[in-house]
Amino acid sequence: GSAGTAVQKVTAADASGDSDVLRIGLNILAAGEGGSNGNLTGTIEADDIETLDLLIADNHTTAADTHDLTLTKFKGTSIVAAQHKDSAKDASIDLNTVYKTITSIDTSTLKGATTVSATNATSAVTFNLSGKGAVNATGSEWADTYTITESESGVDHTLDGGIGSDTAIYSGNFSNYSFVRDQEDLL
């Protein structure tokens, strides 16, 4: 792609199993190093692959950038995003609204922000998210589970469970979190 934008359409050679994994590495670079000098924007499309495994890095050292992905046509069940150990900066990701079959989202090893929406899900979604960067996660109408694995002081997180009864598990200080709910009761 040009200017940091790419569309990746993947067809598995053999998708007969139930544990197919698509691994993709993404790296943001400065323009002088062959990069786009800004956010990386891309689309990933795949059928019959259960897990999307992303390894991301932000090596554009003069700005805070985000991997902004469109995944509405990744028709798997699980998305995992991890930060590369040699990333120069804390890597952030925006997964936008994921496809309706996604039931597991794991960004627990990222050091940057995570934004994701599972509003179209047809069953409960389990979110396992790092709290080192700001988290903005929107769930489904089902009984979703949110786990914030760790939290930094002064970093706010927003979890929107939508309708239904959801579970939020977090570490750190309660004051680091804000909850949006569409019912009066908090169980």
Side-chain angles (χ1 to χ4, degrees), residues 4 21-30 33 35-44 51-71 74 76-99 102-119 121 124-140 144-162 166-181 186:
V21 178
L22 172 60
R23 289 185 172 87
I24 298 177
L26 302 170
N27 189 8
I28 296 175
L29 297 171
E33 298 171 340
S36 64
N37 216 27
N39 294 341
L40 182 143
T41 303
T43 301
I44 300 170
T51 301
L52 175 60
D53 188 354
L54 302 168
L55 183 61
I56 67 173
D58 185 354
N59 289 303
H60 181 207
T61 57
T62 59
D65 299 309
T66 299
H67 296 272
D68 186 355
L69 301 176
T70 300
L71 300 175
F74 173 73
T77 57
S78 176
I79 299 170
V80 177
Q83 180 168 315
H84 191 281
K85 64 180 178 64
D86 294 329
S87 182
K89 298 188 72 168
D90 293 346
S92 296
I93 195 162
D94 186 346
L95 299 172
N96 292 291
T97 301
V98 298
Y99 191 70
I102 300 297
T103 58
S104 175
I105 300 166
D106 185 346
T107 64
S108 61
T109 64
L110 290 185
K111 295 180 181 174
T114 297
T115 301
V116 62
S117 173
T119 56
V125 178
T126 299
F127 297 86
N128 191 18
L129 310 165
S130 170
K132 286 189 165 271
V135 169
N136 186 342
T138 302
S140 70
D144 302 316
T145 300
Y146 301 85
T147 300
I148 305 293
T149 57
E150 56 188 309
S151 186
E152 296 289 323
S153 178
V155 176
D156 290 330
H157 308 296
T158 301
L159 308 177
D160 183 346
D166 302 299
T167 302
I169 303 166
Y170 59 92
S171 63
N173 298 322
F174 184 77
S175 62
N176 288 350
Y177 300 87
S178 61
F179 295 92
V180 178
R181 61 184 196 268
L186 189 60

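None of these values were measured; they are calculated from a predicted model. Counting from 1, the numbers follow the sequence of the chain as shown.
Residues I79 and V98 share a closest heavy-atom pair of CD1-CG1, 3.7 Å. Closest of all the heavy-atom pairs between Q83 and L110 is N-CD2, 3.5 Å. Scanning all heavy atoms of the two residues, the minimum distance from L55 to H84 falls at CD2-CD2, 3.5 Å. Across D58 and S87, no two heavy atoms sit closer than the pair N-OG, 2.9 Å.
Applying the side chain to side chain contact (heavy atoms under 4.5 Å, CB included) test between N128 and each of I169, I105, D106 identifies D106 as the sole match. Screening D68, T43, T70 for a side chain to side chain donor-acceptor pair (under 3.5 Å) with N96, the sole residue that qualifies is D68.
Side-chain contact check for H60 versus K89: every heavy-atom pair is 4.5 Å or farther apart. Within the 4.5 Å cutoff, no side-chain heavy atoms of L71 are placed close to those of I102. The shortest side-chain heavy-atom distance between I44 and L54 falls under the 4.5 Å cut-off.
Rounding to the nearest 0.5 Å gives a distance of 7.0 Å between OG1 of T114 and CG of L95. Taken to the nearest 0.5 Å, the CD1 atom of I28 stands 5.5 Å off from the CG atom of L40. For the atom pair CG of L69 and CG of L26, the computed distance is 6.0 Å after rounding to the nearest 0.5 Å. For the atom pair OH (Y99) and CG (L52), the distance works out to 15.0 Å, reported to the nearest 0.5 Å.
S92 places no side-chain N or O within 3.5 Å of a backbone atom of T66 that could act as its donor or acceptor partner. Judged by distance alone, with hydrogens and angles left aside, the side-chain atoms of D144 form no donor-acceptor pair with the main-chain N or O of D166 at under 3.5 Å. One N or O on the side chain of Y146 and one on the backbone of D160 form a donor-acceptor pair closer than 3.5 Å. Using modelled atom types, no side-chain atom of N136 and backbone atom of T115 make a donor-acceptor pair closer than 3.5 Å.
Taking the side-chain contact (heavy atoms from CB on, under 4.5 Å) definition, one finds that T109 meets it with A82, sequence neighbours left out.
Of the N and O atoms on the side chains of T51 and D53, not one donor lies less than 3.5 Å from an acceptor on the other residue. Judged purely by distance below 3.5 Å, without hydrogens or angles, the side chains of T149 and S108 never pair a donor atom with an acceptor atom.
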Practice prompt. Applying side chain to side chain contact (heavy atoms under 4.5 Å, CB included), run through L159 and V135 and close with a yes or a no.
Written response: CA-CA 8 Å; L159 308 177; V135 169; 4.0 Å; yes
Worksheet item: Would V116 and T107 count as a side chain to side chain contact (heavy atoms under 4.5 Å, CB included) if you check the C-alpha gap in whole Å, the side-chain angles of each, and the deciding distance to 0.1 Å?
Response: CA-CA 10 Å; V116 62; T107 64; over 6 Å; no
